[in-house]
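Heads up: the structure comes next, in structure tokens.
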Amino acid sequence: MYIYDSVQKTKLKFEPIQTGKVTLYVCGPTVYDDAHLGHARSALSFDLLARVLKASNYEVIFIRNFTDVDDKIIAKMQQTGKSLHEITDFYTDRYLEDMDAIGVLRPTISPKATESIDAMEDMISTLISKDYAYQISNGDVYFDTSKDELYGSLSKKVSDDTVSRIEHIFEKKNSKDFALWKACDENENVCFDTKFGRGRPGWHIECSAMIAKHTNGTDEYSIDIHGGGADLLFPHHENEASQSRCATGHALAKYWMHNGFVQVDGEKMSKSLGNSFFLKDALKAYDGEILRFYLTSIHYRNDFNFNEIDLLQSKKRLDKLYRLKKRIVGSGIGAANFEFKTALLSAMQDDLNISVALSIIDDMIAKSNEALDSTPSDKNLKKEIMGNLEFIGILLGFGAKDPFLYFQLGVDEGLKQKIETLIKQRSEAKKQKDFALADQIRDQLNDMDINIMDTANGTVWEKLS
RNA sequence: GGUGCCAUCGCCAAGCGGUAAGGCCGCAGCCUGCAAAGCUGCUAUCCCCGGUUCAAAUCCGGGUGGCACCUCCA
């Protein structure tokens, strides 16, 4: 396994800190709104990573948190009059619903910030007692970045200009210092009691605390891999790494991975630009598997320019896999072809090289079709192909559907009846050698976005796009 | 202002010093009543200019053009 480390900016051979075991922590969502395409991409990137690690025979401890205390949630409480948990429970469920729809496997552990206050309290207390943190007059606790000589080593953003845009707090010792704990305002009802007073956590502490709580680590590192979106490198991960290093005395993660951004029509997708794209909206138009295939078809580190034209182009590639599957359904599953399996896995083990992986799959599809053309009733061949498809499903998370249902996605019962009636009429016309009528019916179906194909087993149809 | 990333066929996209994968689209052929599907074949010298090297899309320098982070954001 090779991984591109975004701190060293180079591809490295992956060597776990404990043989046979991988601890992976990924920054999850703040649950105050529905998941957008960017959340999907991040979740999918690390879902692929977890799948590949598992297929490589590692025991994988995959942690992805839910940030359920935060200023944005508090703002939403004020807007809606709802309680913290009313909001966070609602959006947590909706997040999981969406991720399930695009085939993201559930992490091993999904800690919530509100359930990890004890761990945060421990870490902040440690930092205060080691003199890495200080409390100001209003009760806020700040991390003293000047005490960590390695501060800035993660993101390499150390110039003073960097912090010129960070909010200036008068009592902060250094402009780069960040809040570990925010003291409770009188009118805020989201507060937790700790040794250093009532308040709520700062943005960065939860990840460090959760990692400390849920992993054992070694003398050198807490976890193997830490992941998240590219925007989190600074300041979030820089701060996380720094506070963990100071609290524990060793590095937070051995490898850092960051997924690229999703753009919509060439522009960054963001709240402020007003071009956010919720996954739920995309799921109304396209099946989760089609979105998964599209969103994972481009390497996780590249920027992703989401648009419908490319999505439909990518769907055609998935269609080919399902057409192959249509040819072999019901034949039972055999062992996957060893060479295929090995090639596919090693492509993915090369920093998740999905492009090469997909080309290996395309090659397998072409070879399988060719073999089925020459020996259509070879049962062992069909079983092996089914085995190949099953492996793809496990490793990459697509291709597991019933192939006939796949091509009927978005077709309701009424339309289905109509299609089948038309096909019957056409078959009758063909029998009578009335090809003009047969072709006319086919055109009619094509106008309905239905593609038909005459096979040895009769006429089958597909819904296009 | 500071710090990075990227630029490969009409479109999407691999490539990580050894002589350009794959997909979509297009063209030709086989198959088909005709199609569709499937199969076969065909289609780029890698933004520009220098340099290093026996050898560069790949390394270095300089341009040009995109994008991102430094502020809540995956």
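Bear in mind the structure is a predicted one, so any value in this text is a computation, not a measurement. Below, chain A is the first sequence line, B the second, and so on; all start at residue 1. When reading the values below, keep in mind they use all heavy atoms of this one structure, side chains included, and skip hydrogens, waters and symmetry mates.
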(request) Looking only at side-chain atoms of A/Met453, point me to the closest of B/C34, B/C12, B/A36. (result)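 Looking only at side-chain atoms, A/Met453 lies closest to B/A36.
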(request) Could you say whether A/Arg317 or A/Lys430 is positioned toward the 5' end of RNA chain B, judged by the nucleotide with the nearest heavy atom to each? (result)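 Final value for this comparison: A/Arg317.
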(message) Both A/Asn307 and A/Arg442 contact RNA chain B. Taking the nearest nucleotide for each, which residue is further toward the 5' end?
(response)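 Nearer the 5' end of the strand: A/Asn307.
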Measure from [atom1] on [X] to [atom2] on [N] and round the result to the nearest Å.
X        : N     : atom1 : atom2 : value
A/Asn239 : B/C72 : CG    : C1'   : 14 Å
A/Leu464 : B/C24 : CG    : P     : 14 Å
A/Glu370 : B/G41 : CD    : P     : 9 Å
A/His258 : B/G4  : NE2   : C1'   : 13 Å
A/Arg327 : B/A36 : CZ    : P     : 17 Å
A/Ile423 : B/A36 : CD1   : C1'   : 12 Å
A/Lys316 : B/C11 : NZ    : C1'   : 12 Å
A/Asp362 : B/A13 : CG    : P     : 16 Å

Does any donor-acceptor pair link the side chain of [X] with the base of [N] at a separation under 3.5 Å?
X        : N     : result
A/His299 : B/A14 : no
A/Lys11  : B/C16 : yes
A/Asn353 : B/G15 : no

Atom [atom1], compared across [N] and [M]: separation rounded to whole Å:
N     : M     : atom1 : value
B/U52 : B/C59 : C1'   : 8 Å
B/A14 : B/U53 : C1'   : 25 Å
B/G22 : B/U45 : P     : 16 Å
B/U8  : B/G41 : C1'   : 24 Å
B/C6  : B/A13 : C1'   : 14 Å

Are the charged groups of [X] and [Y] less than 4.0 angstrom apart, N to O?
X        : Y        : result
A/Arg426 : A/Asp454 : yes
A/Lys284 : A/Asp281 : yes
A/Asp33  : A/Lys72  : no
A/Lys13  : A/Asp5   : no

(request) With sequence neighbours excluded, tell me which residues meet disulfide (SG to SG under 2.5 Å) with A/Cys27. (result)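 For A/Cys27, no residue satisfies disulfide (SG to SG under 2.5 Å) once neighbours in sequence are set aside.
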